[in-house]
Amino acid sequence: MNRAWFLWEGSVNKVSNELDIMGHWQRTHNCGTLNEDDVGTKVILMGWVLRRRDHGGLIFVDLRDRYGVTQVVFNPERESEAHRKAENLRSEYVIAVLGVVSPRPDGMTNPDLITGKIEVFVDELRVLNKSLTPPFAIDEREGEEVGEDVRLKYRYLDLRRETLKENIIQRSLVTKKIRDFFYEEGYLEIETPFLTKSTPEGARDYLVPSRVNPGHFYALPQSPQLFKQILMVSGYDRYFQIVHCFRDEDLRADRQPEFTQIDVEMSFITRDVLFDVMERMMAEIFRFAMDIEIPRPFPRLTYTEAIHRYGLDRPDTRFGMELVDLTELLGNSEARIFSDTVAGGGRIKGINVKGGEGLSRKELDDLADYVSVYGAKGLAWFKYSEEGWKSPLAKFIGNDVKSDISRLASFEPGDLLLVIAGESALVNESLGQLRIHLGDRLSLIPEGRYDFLWVIDFPLFEYDEEDGRYYSVHHPFTAPLEEDLDLLHQEPGKVRARAYDMVLNGSEIGGGSIRIHQESVQRRVFELLTIGPEEAREKFGFLLDALQYGAPPHGGIAFGLDRIMMILSGAGSIRDVIPFPKTQKAACLMTEAPNPVESDQLLELGLKLRK
RNA sequence: GGGGUCGUAGUUAAGUUGGUUAUAACGCCGGCCUGUCACGCCGGAGGCCGCGGGUUCGAGUCCCGUCGACCCCGCCA
């Protein structure tokens, strides 16, 4: 009845003194596409007031929607009523305008706008909604960068801004492209549960209490790993899913507690088949999003070689400055740091910073600070100047050793050699990180270059000295290389896995493996992981059962969609490619999650908080 | 859990050696303005200096604690 009264009254499109109703108006166009061809067309546009320029007479409004911006003009001589209402417009008011597309006068076009050759002369304005003054400008051309905490609190406003909007739109389009690719390749998109079972190993789980089973919990999936293997057993030989995953670990610039994986699994395939499919998928994405043709097949690097040459298992091959092993050459030197290190079983490696001889003492100290974070005890440096080697340690190095190093590292006048000595893993890690740091700082990384590669043959296990046991590098279902099967009994630490990572520009964007499908191998792996039969039974008995009912050889991979989107959109933070991200303390500043709950709610779940 | 950077008006920042009424730009409000497009001109309002404690005659400034944002280590494919 309210409504009927409203419509009867509403012959004059009024909601209140200030607001109009939309009535039967429909958008005829959006704000991003009108051009000279539309001149003379009568249009209805709807959107937000990006900016109002009031000249007392003429009023210009930049009208914005998802698609772009169109300038609409209110002229008191053309339509005084519309002009009068336009005087009260403010930023982010929602309006509808009816008007005529007109060419802009000579010299008045705006080359920065796609619609900059036209404008719309307004005959009627309907104010659909008002807006509070936004806490920051939606127009990013204005002012400086806004603090991220403010942007996160008002995420709905930040999402209106160009940068974030473009990222979100691109993400949607890329996601569709990925779906299309897999559907065309014959893959089935199959959903797996979010309320599932806590998985052993790996990251900390997010737990969900079960109301109907007090004291029992679901876990949110860290990945659909077990389910996709089950699907293989069930015969769905090509599966994919673009799926949310959850890990309760501390955040980083490229890590969120909930994130999206492109999850893939296939049966009856070799690693090479999988590589080919995934390379074609990436090529398709890059063709679509970047208009770049990615060369295939991607280079492959063994884990051992990656560590040896780049110090990291996700090498950035866009620039050189590879690590050089100096253990042999410097191990016998009179410098104690070097000789002691080698005597203690350590290694000495260095990188040659071409043309780096000019770095100041302060800059070298900063670099030493940088590597100390990774546990490096010090950073030795050698400058090669016109007069020869300069370094506090130069006097300990014999001339023949100097020339050997020069040859090995292409160390020439003008260069700077940075050297770290210590335990092997620490040397590789810290020098590898230093290489990335310098590559960035010295602008050695070419713009617009995208280096894909596969890192293969990861170790199956890593030994933990403290716990005195092996852990899976990938996960417990990863198959060993067939030629290493015997080592499983002799030297488990040397067994290589049929695991692989896809690396793009030094970022690990995906990883997977060929899985174990034979129960005997699986049992041996569990043994090595000190997972007893009962424990295995309890934790993932359902998978072990399934494997006994005719499991096909299978394998898969999962990509981090967020990281891929970061690279595609050049975002510095994962938060810039996720519509509603969380802060470093895993909070959502907009919704204020997480929050305390009523005691009733806890009671119902059989939970009691520790005081 | 640890290291670092930061927190002043709606926003972004300045604020000296501890010293009178805490500045500026943009935004906001009012007025003027018919070709602007980050319009322009004139005027105005706006502050829990993150919060709590301490030192001091006096704290935005120094000290301690705490909260929050960001980057990193640990952690995490």
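Quick note on labels: first sequence line is chain A, next is B, and so on, each numbered from 1.
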Write down the distance separating the C1' atoms in B:rU20 and B:rA59, rounded off to the nearest Å.
-> 15 Å
Measure from the side chain of A:Q584, starting at C-beta and using heavy atoms only, and say which of B:rA38, B:rG35, B:rC70 lies closest.
-> B:rC70
So what does A:D112 hit on the nucleic acid, given a heavy-atom distance under 4.0 Å: a base, only sugar-phosphate, or nothing?
-> nothing
Hey, does the side chain of A:R575 come within less than 4.0 Å of B:rA69's phosphate (OP1/OP2), counting only N and O?
-> no
Should A:E148 and A:R575 count as an ion pair when the cut-off is N to O under 4.0 Å?
-> yes
Do A:D158 and A:R161 sit within salt-bridge range, that is, some charged N less than 4.0 Å from a carboxylate O?
-> yes
Could you please spell out the steps behind the salt bridge (Lys or Arg N to Asp or Glu O under 4.0 Å) verdict for A:D562 and A:R171?
-> CA-CA 9 Å; A:D562 312 276; A:R171 183 173 178 138; 3.0 Å; yes
For A:F458 and A:T583, take the nucleotide of RNA chain B holding the closest heavy atom to each; which residue's nucleotide lies nearer the 5' end?
-> A:T583
Check ion pair A:D149-A:K153 (N to O, under 4.0 angstrom) | no
Roughly how far apart, to the nearest Å, are B:rG74 and B:rU16 at atom C1'?
-> 41 Å
Mind checking A:H475 for me? I need base, sugar-phosphate or nothing, with any heavy atom below 4.0 Å counting as a touch.
-> nothing
Picking from B:rC76, B:rG10, B:rA77, which would you name as closest to the side chain of A:E508?
-> B:rA77
Quick one: do A:E265 and A:K228 make a salt bridge, cutoff under 4.0 Å?
-> yes
Among B:rU36, B:rA77, B:rU11, the one nearest A:V473 by side-chain distance | B:rA77
Identify every side-chain donor-acceptor pair in residues 584-594 of chain A under 3.5 Å, counting partners at least two apart or on other chains, and give the distances.
{"from": "A:T591", "atom 1": "OG1", "to": "A:A593", "atom 2": "N", "distance (Å)": "3.2"}

In whole angstrom, give me the gap between the P atoms of B:rU12 and B:rG53.
-> 27 Å
With sugar-phosphate taken as primed atoms, P, OP1 and OP2 and all else as base, the protein-contact string of nucleotides 22-29 of chain B at under 4.0 Å (heavy atoms; B, S, -) is ----SSSS
Write down the distance separating the P atoms in B:rG2 and B:rU66, rounded off to the nearest Å.
-> 10 Å
Proximal nucleotide (of B:rC37, B:rC73, B:rU12) relative to the A:V146 side chain | B:rU12
Would you indicate, yes or no, if B:rA38 has its OP1 or OP2 atom less than 4.0 angstrom from a side-chain nitrogen or oxygen of A:R141?
-> yes
Inter-nucleotide C1' distance (B:rC41, B:rC49), Å rounded | 33 Å
OP1 or OP2 of B:rA69 sitting under 4.0 Å from any side-chain N/O of A:K585?
-> no
When you check the gap from the basic side-chain N to the acidic O, do A:R53 and A:D62 get nearer than 4.0 Å?
-> yes
Expressed in whole Å, how much space separates the P atoms belonging to B:rC32 and B:rG15?
-> 40 Å
When the nearest nucleotide of RNA chain B is assigned to A:R104 and to A:Q261 on a heavy-atom basis, which residue is associated with the more 5' position?
-> A:R104
May I ask you to evaluate whether A:Q222 reaches the phosphate of B:rC76, defined as a side-chain N or O under 4.0 Å from OP1 or OP2?
-> no
Has the side chain of A:D250 got a donor or acceptor atom sitting under 3.5 Å from an opposite partner on the base of B:rG74?
-> yes
Can you tell me, in whole Å, how much space there is between the P of B:rA24 and that of B:rG46?
-> 14 Å
Pair of N/O donor and acceptor under 3.5 Å linking B:rC76 base with A:R255 side chain | yes
Integer angstrom distance from the C1' of B:rC26 to that of B:rG68 | 25 Å
Are A:K377 and A:E423 close enough for a salt bridge, meaning some N to O gap below 4.0 Å?
-> no
